[in-house]
Amino acid sequence: MTEQELRAITIAKSVDARGTACPGPLLEAKKAIGKIEVDDVMEILSADEGTKVDIPKWCGKQGHEYLGAVEENGYFKVYMKKK
């Protein structure tokens, strides 16, 4: 997805993990995934560069869909869809 498409997407859950270092954002995402429905989109906010690698890998292992990431004011918004 393009950055513009990601910014316009409807978010079911936003996880603010900006205050945590690796693997904190991934652990926060794992906890939150159970709180959304299949095909819902979750946004993970993180200042840790590793999150842009960890979340896509985890999505691949779990069968979720990684949608992309955008950078904003020194942190990242990583988007994924629960499958």
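Predicted, not measured: the structure shown is a model, and the values here were computed from it. As a basis for the values below, the full set of heavy atoms in this structure was taken, side chains included, without hydrogen atoms, waters or symmetry mates.
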message: With side-chain contact (heavy atoms from CB on, under 4.5 Å) as the criterion, how do Trp58 and His64 come out once you've worked through the C-alpha distance, each side chain's angles and the decisive distance to 0.1 Å?
response: CA-CA 8 Å; Trp58 175 64; His64 303 304; 4.3 Å; yes
(request) Identify whether Val41 and Ile33 are in the same connected component of the hydrophobic contact network (ILVMFWY, side-chain heavy atoms under 4.5 Å). (result) no
Indicate yes or no for a side-chain donor-acceptor contact from Asp40 to the backbone of Met42 under 3.5 Å, with no hydrogens or angles considered. no
Check whether any side-chain heavy atom of Ile9 sits under 4.5 Å from a side-chain heavy atom of Met1, and report yes or no.
yes
Shortest non-hydrogen pair, Gly34 vs Lys82, comes out as CA-NZ, 4.1 Å
Residues Ala29 and Ile44: closest non-hydrogen pair is CB-CG1, 3.9 Å
Report task. Check whether Leu26 and Phe76 end up in the same hydrophobic cluster, where Ile, Leu, Val, Met, Phe, Trp and Tyr are linked by side-chain heavy atoms less than 4.5 Å apart. Result -> yes
Closest heavy-atom pair, Met80 versus Ile55, reported as atoms and distance to 0.1 Å, is SD-CG2, 4.4 Å
Correct closest heavy-atom pair for Val53 and Pro56 would be O-CD, 3.3 Å
In this structure, CG of Asp54 is separated from CD of Glu49 (nearest 0.5 Å) by 11.0 Å
### Query
Would you say Glu71 has more than 12 foreign heavy atoms packed within less than 6.0 Å of its CD?
yes
d(Thr51 OG1, Tyr75 OH) to nearest 0.5 Å is 13.5 Å
Check your understanding: Is there a side-chain contact (heavy atoms from CB on, under 4.5 Å) between Ser14 and Leu45 once you walk through the steps?
Key -> CA-CA 7 Å; Ser14 183; Leu45 309 179; 4.1 Å; yes
Between Val15 and Ala32, the two heavy atoms sitting closest are CG2-CB, 3.4 Å
*Do Val78 and Ile36 sit in the same hydrophobic cluster, where Ile, Leu, Val, Met, Phe, Trp and Tyr count as joined when their side-chain heavy atoms come under 4.5 Å apart?*
yes
Lys77 and Glu43 have their tightest heavy-atom pair at CD-OE2, 3.6 Å
When rounded to the nearest 0.5 Å, the distance separating SG of Cys59 from NZ of Lys83 is 11.0 Å
